[in-house]
Amino acid sequence: MSTKISGPGVRMSSVVKVYPPDVLALDNVDICISPGSIHSIIGENGAGKSTLMKVLYGITQANAGHIEVGGKPVRFASPRQAVRAGIGMVHQELMLIPSYTVWENVVLGAEPVTYLGRVKGEAALARVGEIIERWGLKLDCSAIVGDLSISAQQKVEILKLLYRDVQVLIMDEPTAVLTPQETAELFVRLRALNSDGRTIIFISHRLSEVLDISDEITVMRRGRRVMTTPNRGLSRADLARAMVGRDVVFSAVREGDAALDSSQRPPQPSPPTVPPCLEVRGLSMTVRGRGRPVLDDVSLEVRGGEIVGIAGVEGNGQFELVQAITGAVKPDSGSILMSGQDVTGASVMSRRRLMCSVPQDRKLAGGAGAMSLVDNSIMTHHRLRPSLSSKLTPLLLPRACRDFCARLIAEYSVVASGPDAALSQLSGGNQQKVIVGREFSHDVDLVLLDNPTRGLDVGSSEFIHAQILKKRSEGKGCLLVSADLDELLSLCDRIIVMYEGRVAAEFAGSEADRDSVGRAMLGLGPGPGRGPESEGVTSGR
Amino acid sequence: MAATDLAIELLRASVLAATPVLLAAVGGAYTYFANVFNIAMEGMMLIGAFTAVVGSYFARSWAVGLAAGVAGGLVAAALFVLFAVALRTDEFVTGTAINMLALGGTTYALRQMFGVRGAFMSSQIRALPRWDLPFGPVLGGHPFLVYMALVLTLLAEWHIRRTRFGMRLRAAGEDPKTLDAAGVSSSAMKAWSIMISGALCGLAGAYLSLGYVRLFSENMSNGRGWISLAAIILTRGRPLGILVMSLAFGLFDGMGMSLQGAGIPAQLTQMLPYVATLAALRIYSLRQKL
Amino acid sequence: MPGAAAASPQKVAYIINGGLGDLSFYDSGQAGIDRIAKEFGVQTRTIECGFDPARYSQALQAAVQWNADVVFVISYGFEDLLMQYADQYPNKRWINVDTVVENSRRTITNVDFIEEEGAFMAGAAAALLTTDTTIKGVNSDKIIGAVGGDDDPVIRAFLYGYEQGAKYIDPKIEVRAVFAGTWDDPVRGKQAANQLYSQRADVVFQIASLTGSGVLEAAAEAGKYAIGVDSNQNGLQPGHVVTSCLKNVGDAIYGVYRTIANNTYKPGEVLEYGIRQGGMGLAIDDYTRQILPARSVQRLVEIQSKISSGAITVKRYQ
Amino acid sequence: MRKQHAVSAAAGVAVSLLAGLAILAIQGYPVWQSYAALFSYSLFSQFALVSTLNKASTLVLTGASAAVGFGSNCVNLGQPGQFLLGAMAATALGIFLDLPSWAMLPTVIVAAAVAGAVWSGLAAFMRLRWKMNEFITTLMLNFVADGVTLWLISGPMLDRKAYSPMTAMTNPGAWLGMWNGLSGAVAVAAAALAAVWVIWNRSKFGYECRVMGHNPGFAAAGGCGVARNFTWAMLLSGAIAGLAGGLMVTGGMQHRFVKGIGANYAWDGVMIAIVAGNSMSGTALYALFFAALQTGAMGMELETAVPSEFALVLQAIVVLFVVASRESTRLILAGLAAKLKARRAARMLEAPGEGGGRHGSGD
Ligand SMILES: Nc1ncnc2c1ncn2[C@@H]1O[C@H](COP(=O)(O)OP(=O)(O)OP(=O)(O)O)[C@@H](O)[C@H]1O
Ligand SMILES: Nc1ncnc2c1ncn2[C@@H]1O[C@H](COP(=O)(O)OP(=O)(O)OP(=O)(O)O)[C@@H](O)[C@H]1O
Ligand SMILES: [Mg+2]
Ligand SMILES: [Mg+2]
C-alpha cells in the first residue's frame with residue numbers, strides 16, 4: 001500500500017441510497033479512500049459502484065450517511081460543489097456535447113466570461129492548450145468532439161478534470177470502451193497524475209487491470225461493501241469470489257483468460273459443410289457528413305452452428321453493418337444473402353422471416369417501456385405467427401397473445417408481475433430476457449446479436465450466454481457484435497475485427513487472444529510486418 | 001402615384017404585422033435551443049395583450065401597461081414551468097392547455113373586470129409612444145416596440161451564440177445529462193428559456209393591444225403564435241432568419257387584403273400568408289436535402 | 001295559437017349570434033333590453049353565441065328552459081333553428097331582429113331595417129366630406145372607402161345604399177370597399193382602413209361591428225375620417241368620426257316590447273324600420289359639426305327629410 | 001394500467017371541479033346554484049341530456065381523430081380543416097346529389113370521411129415525399145380549408161335567401177333522423193367509435209400504430225412498415241375528423257354549411273385525446289364530460305350569470321390536472337416509497353448485532 005502523503009482522502013460512512021421506487025442501490029456503505037492512493041472499486045453490475053461515486057460527486061444525493069473530504073465533513077447538493085471541494089468524475093457513459101468543440105466542452109460549467117457574460121474563447125483556448133501541453137494529451141482544442149475517437153473523447157473528459165484542477169479523480173469504468181493498448185496508455189497517464197499527488201478512484205470489471213494499477217481494492221456486492229484490502233498477494237479468483245459471493249466458474253466469460261477460455265469454449269462445430277445462413281458481399285456505405293465510408297467493401301459469412309463475433313472499437317462500422325443486415329439502412333453497394341436468398345433490397349419484415357435480431361439499444365429499438373409485456377412480446381410475431389391472429393379477419397386474438405407472452409415469461413424465467421406489467425417496470429436484466437426471448441422464439445436460421453449483455457449483471461449475462469450457445473447447438477448461425485472483448489473470446493468460433501469500416505482481421509476462436517485482437521482493433525498489424533489488410537479476410541473460402 | 005402610396009403602406013403594414021411575430025419567435029428561439037416544445041406562445045401572447053391593457057387602463061400609463069404585459073407573459077410561462085419542468089407533464093399537453101386557459105381566461109376576465117364581451121376599448125388605455133425616427137415612410141414613426149424588437153433580435157443572436165448563458169442553454173437542449181454533470185442544472189436552463197420566451201410573448205401581446213391597436217379583443221393573438229412557431233422551426237431558431245421570416249409573413253398578410261382590389265375574393269386572399277408558409281417549408285425541405 | 005299567453009310577461013331573453021361589446025349593433029340592442037328591464041320591471045337575460053354555431057340551438061333551448069315569455073333574437077346563421085323553435089313553442093313571443101324569418105305558424109315577428117336608407121345618408125355625408133377640400137386633411141381625389149366584415153348580403157345592402165348616397169351628391173365619386181373577413185378582429189379592420197387611406201380615400205365607412213373599431217382608430221392615427229355604424233360612434237375618436245349610420249336596434253326592440261305590454265302586439269308581422277320609422281338614421285351632433293361645415297350638415301338634414309317624405313327613393317338591394 | 005388511468009382521471013376531474021368551485025367562490029357567485037345549474041342544464045332533463053349527447057357525438061369523433069393521430073406518433077393538428085372539408089363535402093353532395101334516401105345518406109357520410117382523409121393525406125404526402133413537418137403543414141392547411149370553405153359559402157354556394165354566409169339546405173334525403181331531439185349522428189358516431197376502437201386495440205395495424213406512438217424505433221426494428229402505417233394513420237385520423245364534419249351537416253339541426261360551423265370542436269377534440277392518453281374509451285368518457293361542461297355552461301350563465309367562458313377555463317384546468325396527476329403522481333409516490341425504505345435501511349444500522357457482520361471487511 002502506497003504511503004504518499006498528499007491529495008485529500010475521502011471517507012464515506014453508512015451511506016444509504018434508494019432509487020425510486022425501491023431499488024436499494026447503497027445499503028449503509030462505509031468506504032475510506034486514503035490520500036494520494038489509487039483505489040479501485042469492483043463489483044458486479046448493479047453492485048452500486050457508480051451510485052456511490054455519483055453520491056460522492058453530488059449528482060445524486062444519498063438518503064443517509066456522511067461524507068468527509070480531507071477530513072472535513074461535506075454535503076454536495078450538486079457536482080459544482082464537489083468540484084469546488086476538488087472532486088471530479090469521468091462517467092461510465094461519456095458526458096460530452098458532441099457538437100461542441102473540445103475547449104467548449106472543457107470549460108462548460110466553468111466558463112471564463114467578461115462582465116457582459118460573453119465567453120472568453122481566446123483565454124479558454126490558451127488555458128486548455130496549456131494543460132494539454134503539460135500532460136501531453138495530444139488533442140486539438142478546436143476539434144468537434146463528435147468527430148473524435150472514443151479514447152480521444154475520454155481524454156477530453158480527463159482534460160475537464162485537470163482544467164478544474166481537481167485533486168480526487170473518479171474514473172467509472174474508463175477502460176470498458178478501450179482496447180488493451182489504449183488502456184495501457186491511460187494507465188501511464190493515471191500513474192502520472194497519481195504521482196503528481198492526486199487521489200484516484202478507479203472502477204473496472206477487469207480484475208487484471210485492477211490488480212495492475214491499484215494500491216487498495218474495495219469490493220462491493222448488492223449495494224454493500226464486502227471488503228477493502230491493500231493490493232498485495234491477491235489473485236483474480238479471490239476478487240471474483242468476493243464479488244459474487246461464491247466460486248465463479250463463469251469467470252471465464254467475464255475475464256477472458258486464454259487458459260480458461262479453451263476449456264470453457266464448447267467444441268468447434270463440425271467443418272462447415274452447412275450452407276451459410278448469412279452472406280455479406282462487398283458491402284459499402286457512406287453517410288453524409290462523414291468523410292470516409294462507414295462501411296468499406298465488407299464481406300463475411302455465417303454458417304449454421306457457428307458463432308461469429310464482430311469486434312471493434314465503437315464507431316468502426318459494426319453498428320452500420322448491423323443496420324444494413326436488419327434492413328434499417330440501405331447500403332450503397334454490395335449484397336446480403338440470407339439462407340441463399342438475396343435480401344439486399346428486401347423490407348425489414350421479409351428479412352424477419354429469415355433472421356431474428358437482438359438490438360443494441362433496449363430503449364431505442366428493443367421494446368416500448370410504457371406498453372405491456374404482451375404488446376412487447378408479440379412484436380414481429382404478430383404478423384409471422386398465424387396462431388396469434390384470427391383466420392378470417394386482420395384482428396389479433398387477445399387470448400392467444402396473452403398465452404404466447406405467458407409462455408415466454410415462463411420459458412425465459414422473466415421476473416414480472418404478469419403479462420400486463422409494463423416493460424419499464426422490469427429490471428434491466430429481465431427486460432433483456434423478454435427481448436431475447438421474443439427474438440429467440442422465432443424459428444429462423446440466423447440470429448443477430450448486438451451487444452446482448454451490455455450493462456447486464458453477471459447472472460443475466462450468464463443466462464443469455466447459455467441461450468446463445470443453445471441456439472448454436474441447435475445448428476443456428478449467430479452473428480455476435482460486442483464491445484466486450486471477453487464475451488467474444490469466450491463464445492465465438494470466429495472473430496472478425498472491424499476497423500474504419502473495413503474487415504481488418506479475422507481470427508479463429510482458438511488462436512484469438514486479447515492482445516492480438518486488441519491490436520487489430522487499433523488498426524495495428526497483429527505482429528511486426530503484417531498490416532491489418534494483409535490479414536486473411538477470407539470469408540468466402 | 002396612388003400605387004406607390006399603396007406599396008409604401010403595404011411595406012409599412014408588413015413591418016407592423018411582423019413585429020409581434022418577431023418578438024414571440026425570438027423568445028421561442030430560446031426554448032427551441034433548450035429543446036422545449038413551446039406551443040404555448042399563442043396563449044402567452046394573448047395573456048400579455050390582456051394584462052397590458054389592464055395595466056395601461058388602471059394606471060393610465062403605457063409603461064405600466066408594458067410591464068403588466070410582460071408580467072402576464074411571465075405568469076403564463078411560470079405555469080408552463082410548473083407543469084412541464086417541475087411536474088414533468090408533457091410539453092405539448094401543457095402548451096395546449098395553457099393556450100386554452102389563455103383564451104378562456106382572458107375572455108372570462110374581460111367579462112369580470114370590464115363587463116364587456118368581445119372587446120374592451122377606452123380612451124383611458126394609454127398607447128405605446130411612437131418614435132418618429134427619420135427612417136423614411138416605411139420604417140419611421142412606428143411604436144417604439146418595433147425598434148425594440150429589432151434590437152432584441154440582434155441581442156438574442158449574440159446572447160445565444162456568444163455568452164455563457166447561451167452556451168449552457170444550447171447544451172441543455174442537446175444533452176441535459178452532460179450539463180447536469182457539469183454542475184449546471186439543465187432543468188433550470190429550460191425554465192429560464194421558458195421564462196424568457198414568456199416575457200417576449202408578453203411584449204408581443206402588449207404590442208398588439210397597446211401598439212398595433214389600442215384595445216383588447218377576444219383571441220387577439222389570432223394564430224400569430226403558431227406562425228412564430230413555424231418561423232422558428234423553419235429557421236432552426238436562428239434569430240436573424242426569424243427576422244426575415246416574420247417580415248415575409250407581415251408582407252403577405254397585408255398583401256392579402258390589397259389583392260381584393262384585383263378582384264380576388266376576400267376569403268381567398270386571407271389564406272396567402274399561410275400558403276406562403278407552406279411554400280417556405282417546401283423550399284426549406286429542398287435546401288435540407290442538398 | 002298566438003296571443004294565447006295573455007298574462008303579462010315576466011322574463012325576456014335576448015339571443016344574439018355574436019357577442020356584446022361591439023359598441024354598435026348588439027350593444028344598441030342591449031340598450032333596448034336594459035330599458036325594458038328598467039321600465040317594465042321584467043327579468044332580462046342576454047345569451048351570446050359568439051358566432052359559434054354550436055351554441056345556436058343551445059341558446060334557443062336555454063331560453064325555453066329558462067321559461068322566457070318574450071325572446072328577441074338576432075338570428076344570423078340560425079334562421080332555420082328559430083323557425084323550428086317558434087313552431088315548437090307557439091305561446092312564446094318570438095321577435096326576430098334584422099332579418100326576415102317566417103315560420104309555418106307565422107308566429108315570428110320580424111324587425112327588418114332598411115339599411116340602404118341609412119347607408120345612403122352615410123354615403124352622402126362621405127361624399128360631402130371628400131368633395132370639400134377645405135376640410136383639414138381632405139385630398140383632391142373623390143375617393144371614399146368602406147370596410148365590411150363579411151362579404152354577405154346585409155353588407156352588400158349597406159354598400160348599395162352607400163354608393164347611391166355618394167353618387168347622389170357627386171356621380172364622379174369612386175367607392176372602394178374592402179372586406180376584413182371577420183367581425184371581431186380590430187387589427188384587420190385597422191389594416192384594411194389604412195390601405196384605403198393609402199389609396200387616397202378621405203373617409204372610410206365601417207360596416208364591420210367590432211372589426212370596425214380598428215377602422216375608427218386608423219382614422220384617428222392617419223388624421224383621416226371614418227363613419228361609424230349602428231350606434232352613435234362619433235365620440236369614440238373625437239374629431240375623426242364624421243357621423244354614424246344609426247341602426248336603432250334598441251329603439252326597435254323597445255318599440256315592439258311596448259306593443260306587447262299594452263297588448264297591441266300582433267305576431268307574424270314584418271315591421272320595416274327605415275328612416276321614416278326612425279329605425280335608421282344619421283348621428284349628427286357636435287362632433288359632426290366640428291368636421292363638416294354647416295351647409296353640408298344642413299344638406300344632410302334635407303336629404304334625411306326627403307327620404308322620409310319619399311321625395312328620394314332609395315333602391316333596395318336584391 | 002387501467003386502474004391508474006381511472007384513478008388519475010377521477011382525481012384530476014375532482015380536483016379541477018374543486019378548483020373551479022374556488023374560482024366561483026372568490027368571484028362571489030352562488031357556488032352551489034351554479035354547479036346545480038351546470039348539471040341540470042346538461043344532464044338532468046331530457047333535452048339537456050339529449051343536447052349533451054349530440055355535442056358529445058361530435059367531440060367523440062374529433063377526439064378519436066386526434067387520438068389516432070397522436071397515438072401513432074403523427075402530430076395531426078389538422079382536425080379543424082379536415083372537419084370543415086368533411087362538412088363541405090357532405091353539404092355539396094347533399095345539395096347537388098339526388099339519390100334514393102337509402103343510397104343518399106351513406107354516400108354523403110362516406111364522402112365526408114373521404115374529404116377529411118384527402119386533406120390529412122395531403123399533409124402525409126408532404127411529410128413522406130418532401131419531409132415537410134406535418135405539425136406545421138396540418139396547422140397551415142387549417143387556414144387554407146377555412147378560407148376555401150368560407151369563399152364557397154359566401155360566393156359560389158351562397159344561399160340566395162340568406163343574410164349571412166351559408167349554403168342552401170341539403171336535400172332531406174341527406175338528413176339523419178331525430179328521435180325526440182336525439183340526433184341520428186349519435187348512433188353513427190357511436191358505431192364509428194366502436195369500429196375505431198376495434199381497429200385501434202385489436203387489429204394488427206392498430207397494434208403497430210400504438211407501438212409507433214410509444215416507440216417508433218421499436219416498431220421499425222420489429223418490421224412494421226412505419227411509412228405505410230404513418231400514411232394510413234393520417235388518413236384514418238383525417239377521415240374521422242371529416243366524418244365529424246359530415247355528421248354536423250347531416251345530423252345537425254340546420255342541414256347546411258353555415259359560417260363557423262367548425263366552432264371549437266376540433267381543438268376540444270385534441271384536448272380530449274390528450275387527457276384520455278390516446279385511449280379510445282378514455283376519449284369517449286372525456287368527450288361526454290366536456291360536452292356536459294359546455295352544454296351546462298350556458299345554463300349556469302342564465303341561472304347565476306356566471307359567464308359561459310367559465311367552461312373553457314374549467315376544461316383547461318381539467319386537462320392540466322388530469323395529465324399532470326397522471327404523470328407526476330407516480331414520481332411523487334415513488335419518491336416517498338424510496339424515502340421510507342431508505343429510512344428503514346438506515347435504522348437497521350443502529351440495530352445492534354445487525355450491522356456488525358455486514359461491514360466487517362471480508363476475510
Ligand atoms: N437512475 C436510476 N434509477 C433507478 N435505479 C437505478 C438508477 N441507476 C442505477 N439504478 C440501480 O441501482 C443499482 C446500482 O446501480 P449502479 O449503476 O450503481 O451499479 P454499478 O455497480 O455501477 O453497475 P455497472 O457495473 O453496470 O456500472 C442497480 O440495481 C441499478 O439498476
Ligand atoms: N386517460 C384515461 N382516463 C380515464 N380512463 C381511461 C384512460 N385511459 C384508459 N382509460 C380506461 O382504462 C381502460 C383501459 O384503457 P387502456 O387504454 O389502458 O386499455 P385499452 O385496451 O387500450 O382500452 P382503450 O384503448 O379502449 O382505453 C378503459 O376502460 C378506459 O376507459
Ligand atoms: Mg456503473
Ligand atoms: Mg335589411
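Predicted model, so just to flag it, every value in this text is computed and none were measured. A note on names: the letters A, B, ... follow the listed sequences, proteins ahead of strands, and every chain is numbered from 1.
The parts of L396(A) that come within reach of chain D are both its backbone and its side chain, each placing non-hydrogen atoms under 4.5 angstrom from that chain. Only the backbone of K363(A) comes within contact range of chain D, with heavy atoms under 4.5 Å apart. For N376(A), the parts lying near chain D are the backbone and the side chain together; criterion is any non-hydrogen pair under 4.5 Å. For A328(A), no part lies under 4.5 angstrom from a heavy atom of chain D. For P398(A), the part lying under 4.5 angstrom from a heavy atom of chain D is the side chain only. Interface remark: R351(A) contributes no atoms to any contact with chain D (heavy atom separation under 4.5 Å). Residue L384(A) does not touch chain D at all, counting heavy-atom pairs closer than 4.5 Å.
Residue with the most contacts toward chain D among L24(A), L388(A), T326(A): L24(A) (heavy-atom pairs, distance under 4.5 Å). The candidate from M349(A), Q323(A), M379(A) with the greatest count of non-hydrogen atom pairs under 4.5 Å with chain D is M379(A).
Under a cut-off of 6.0 angstrom, the local environment of CZ in R11(A) is sparse, with at most 12 non-hydrogen atoms contributed by other residues, nucleotides or ligands. By the 6.0 Å contact criterion, CZ on F319(A) is open, its count of non-hydrogen atoms from other residues, nucleotides or ligands being 12 or less. When the shell of 6.0 Å around CH2 of W267(D) is examined, it contains more than 12 heavy atoms from other residues, nucleotides or ligands.
Here the closest heavy-atom approach between residue N215(D) and residue L364(A) is recorded as OD1-O, 3.1 Å. Pairing each heavy atom of N63(A) with each of A342(D), the nearest pair is CB-CB, 3.3 Å. Contact record, A221(D) with V348(A): O-CG1, 3.7 Å, taken as the closest heavy-atom pair. In terms of heavy atoms, F218(D) sits closest to G366(A) at CE1-O, 3.2 Å.
Taking OH from Y207(D) and SG from C401(A), the interatomic distance works out to 8.5 Å, rounded to the nearest 0.5 Å. Atom CZ of R202(D) sits about 11.5 Å away from atom OG1 of T393(A), to the nearest 0.5 Å. Rounded to the nearest 0.5 angstrom, R383(A) CZ and C224(D) SG are separated by 7.0 Å.
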